[in-house]
Amino acid sequence: MSEKAWDTTAAGAGGAETLRIISSICLLCAVGLVAYLTYAFISGVDIVSLLVGLALLAVFGAIFTYLMVSPGPLRSRYTERSLAVASDMLEDIRDGLTHEGALAICQRLILETHAMTVAVTDTENVLACAGDFEADFPPGSPIHTPVTRYAIKHGIAQSFTHGVYLSPVTGEECEIPAGIVAPLRVRDTSIGALKFYFHHARDVDRTQYALASGYAELISTQLAIHELEQQDELVARAELRALQAQINPHFLFNTLNTIAALTRTEPLRARELLREFASFYRATLDTSGSLIPVSRELAQTKRYLLFEKARFGEGRIIEETDIADGAENALVPAFVIQPLVENAVRHAMRDEGPLHIRISVQTTGDDAIDIEVVDDGVGMDEETANRLFARTLDPALADQSQGGGAGIAMHNIHERIKRFYGPRSTARALSTPGSGTTVSLHLDLRGSIFA
């Protein structure tokens, strides 16, 4: 928790309860002083004692009035503190319900409640524990109380007194004076529990119960968000594998035929191409990670162009790259540049003359990566260009130029960057018939699931 968050309050847990206690004390003192002053006035106590009593009465009355009439600043401090705790706790479990995240939560919450011990479990074992019973409940030890199993099974927060467990350290039967167990739930299924143990049964009041339930709901919400992010990443990975499986068979056969032809006329070049072809498909089939450096994606793209130049002739395809300083190391999803270039070669090349392709990768600090592939080929009309990144592709268009294999590949790229980088990421194509096409990808790093 930040130092500022700690400095904004003068009390510990249970701010509202503390205010009530202070107010009650002031009221009792004021009532006592009124009784004393009444007795003193009747009994004729000296004037000094009377003045002192009146002064104390004024002080207690002022404090009580301030607490009752103007509690806003004090309550705002407790609110600020609670919000700071909640924010830090969400960061603790950003990667899910891990031992490290659970331990950070326990260490944080034991300072925010009256509990002597805070523990987090999954459905079977303790993930982390902090406080007096920390040695008795190490990570990996089985859940030790029936009330915890009940809370997890039925998804209902429970409080208890006089809980008993067998200490794994001493082997003796030990007592938990009182406790609160709140289930952690994702999609109506309990995945664990948040547990608070107290020194006395009187410590388990409405404030502590509300804190335990509230923190459990907060953790559950963050865990649900984490699960959704994981699902998005899995879907994006599946789409990547689908794209890998859509390797154009025509490209495969054309490249092999080109290499076969060169074995008779240029055997050394054929050998080099065959070596590069093996590297190309090894990288294509490599599913070791979702993100790769821009330099690796560019290397794969240049391998692809090497084969197409061997097929059409060196002078038919002329590429140019414009990579910003440091952009080579930026991480991007695999298959975001090479399919764009392949699309240009397959659909933009004229019957005669060279096709110029410019690849640009620019970065905006830590905020975004902009990728652009520009060609001076045959181009397309606006409707076809808009259809490239359409969320749905009409099967009737599958055989049309720029609408079939290209459309499927572009749609796949669009879906993956949306899942990886969020709704502020964009993919668009601008084209003019006879003048060429510009395809632009904007990857929003701030909205990325990897941020």
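Using a 4.5 Å cut-off on side-chain heavy atoms (C-beta onward), I359 and D322 make no contact. Contact check for L441 versus D370: no side-chain heavy atoms found under the 4.5 Å cut-off. Counting only heavy atoms from C-beta outward, the side chains of F198 and I180 approach each other to under 4.5 Å. By the 4.5 Å heavy-atom criterion applied to side chains, L268 and E272 are not counted as neighbours. Contact of the V341 side chain with the D375 side chain is not registered, since no non-hydrogen atoms from C-beta on lie closer than 4.5 Å. The side-chain heavy atoms of Y421 and L445, taken from C-beta on, include a pair separated by under 4.5 Å. Counting heavy atoms from C-beta outward, F312 and M349 have side chains that approach closer than 4.5 Å. P177 is not listed as a side-chain neighbour of H199, based on a closest heavy-atom distance of 4.5 Å or more.
The ring of H144 has its center closer than 6.0 angstrom to the ring center of F137.
To the nearest 0.5 Å, atoms OG (S190) and CD1 (I156) are separated by 9.5 Å. Rounding to the nearest 0.5 angstrom, the gap separating the CE atom in M116 from the CZ atom in F133 is 3.5 Å. With rounding to the nearest 0.5 angstrom, the OG1 atom of T426 is 9.5 Å from the CG atom of D444. Note that CD1 of I413 and CD1 of I337 are 9.5 Å apart. Values are rounded to the nearest 0.5 Å. Between I292 atom CD1 and E297 atom CD the span is 4.5 Å, to the nearest 0.5 Å. Taking CD1 of I110 as the reference point, atom CD of E134 lies at 8.0 Å (rounded to 0.5 Å).
Nearest approach of L194 to A212, heavy atoms of both residues: CD2-O, 4.1 Å. Smallest separation of non-hydrogen atoms from L273 and A310: CD1-CB, 3.6 Å. Here the shortest heavy-atom pairing between S360 and Q362 reads OG-NE2, 3.3 Å. Taking all atoms of both residues into account, the shortest heavy-atom contact from T98 to G101 is OG1-N, 3.1 Å. Taking every heavy atom of both residues into account, P183 and A216 meet most closely at O-CB, 3.8 Å. Minimum interatomic distance between A327 and T363 (heavy atoms only, all atoms of both residues): CB-CG2, 3.9 Å.
Between the side chains of K195 and T148, at least one donor-acceptor pair of N or O atoms lies under 3.5 Å. In this model, no donor atom of one side chain and acceptor atom of the other lie less than 3.5 Å apart for R428 and S440. Side-chain N/O atoms of T384 and D381 include a donor and acceptor closer than 3.5 Å. A donor-acceptor contact under 3.5 angstrom links the side chains of E308 and Y304, judged on distance only.
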* **Derivation and outcome, side chain to side chain contact (heavy atoms under 4.5 Å, CB included), residues H442 and E372** => CA-CA 9 Å; H442 176 75; E372 195 172 73; over 6 Å; no

* Take F196 and Q208 through the test side chain to side chain contact (heavy atoms under 4.5 Å, CB included) and record every step on the way to the result. => CA-CA 9 Å; F196 298 85; Q208 297 303 305; over 6 Å; no

* **Step-by-step side chain to side chain contact (heavy atoms under 4.5 Å, CB included) determination, R275 to R271** => CA-CA 6 Å; R275 185 182 302 112; R271 183 185 302 171; 3.9 Å; yes

* Should V439 and V374 be marked as a side chain to side chain contact (heavy atoms under 4.5 Å, CB included) after you check the CA-CA gap, both sets of side-chain angles, and the distance that decides it? -> CA-CA 6 Å; V439 177; V374 183; over 6 Å; no

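With a 6.0 Å radius and a threshold of 12 heavy atoms from other residues, nucleotides or ligands, E382 has its CD atom at or below the threshold. Dense packing is recorded around CZ of R350, with more than 12 heavy atoms of other residues, nucleotides or ligands lying under 6.0 Å away. For E383, the CD atom sits in a loose shell: 12 or fewer heavy atoms of surrounding residues, nucleotides or ligands are nearer than 6.0 Å.
I176 pairs in a side chain to side chain contact (heavy atoms under 4.5 Å, CB included) with only one of the listed residues (T145, V147, D136), which is T145. Checking T117, D132, V204 one by one against Y197, the side chain to side chain contact (heavy atoms under 4.5 Å, CB included) holds for a single residue, T117. For the side chain to side chain contact (heavy atoms under 4.5 Å, CB included) test with D376, the passing option among I318, T437, I357, L355 is L355; the others fail. Of the listed residues (I143, D122, I191), just one forms a side chain to side chain contact (heavy atoms under 4.5 Å, CB included) with I152, and that residue is I143. Results of the side chain to side chain donor-acceptor pair (under 3.5 Å) test with E319 over K309, R358, H356, K302 single out K309 as the only residue that passes.
In this structure, the side chain of T161 does not engage the main chain of A201 through any donor-acceptor pair within 3.5 Å. Between the side chain of S431 and the main chain of G436, a donor-acceptor pair closer than 3.5 Å is present. In this structure, the side chain of H114 does not engage the main chain of D203 through any donor-acceptor pair within 3.5 Å. The closest donor-acceptor contact from the side chain of S213 to the backbone of A210 lies at 3.5 Å or more, if one exists at all. A donor-acceptor contact shorter than 3.5 Å links the side chain of S220 to the backbone of R185.
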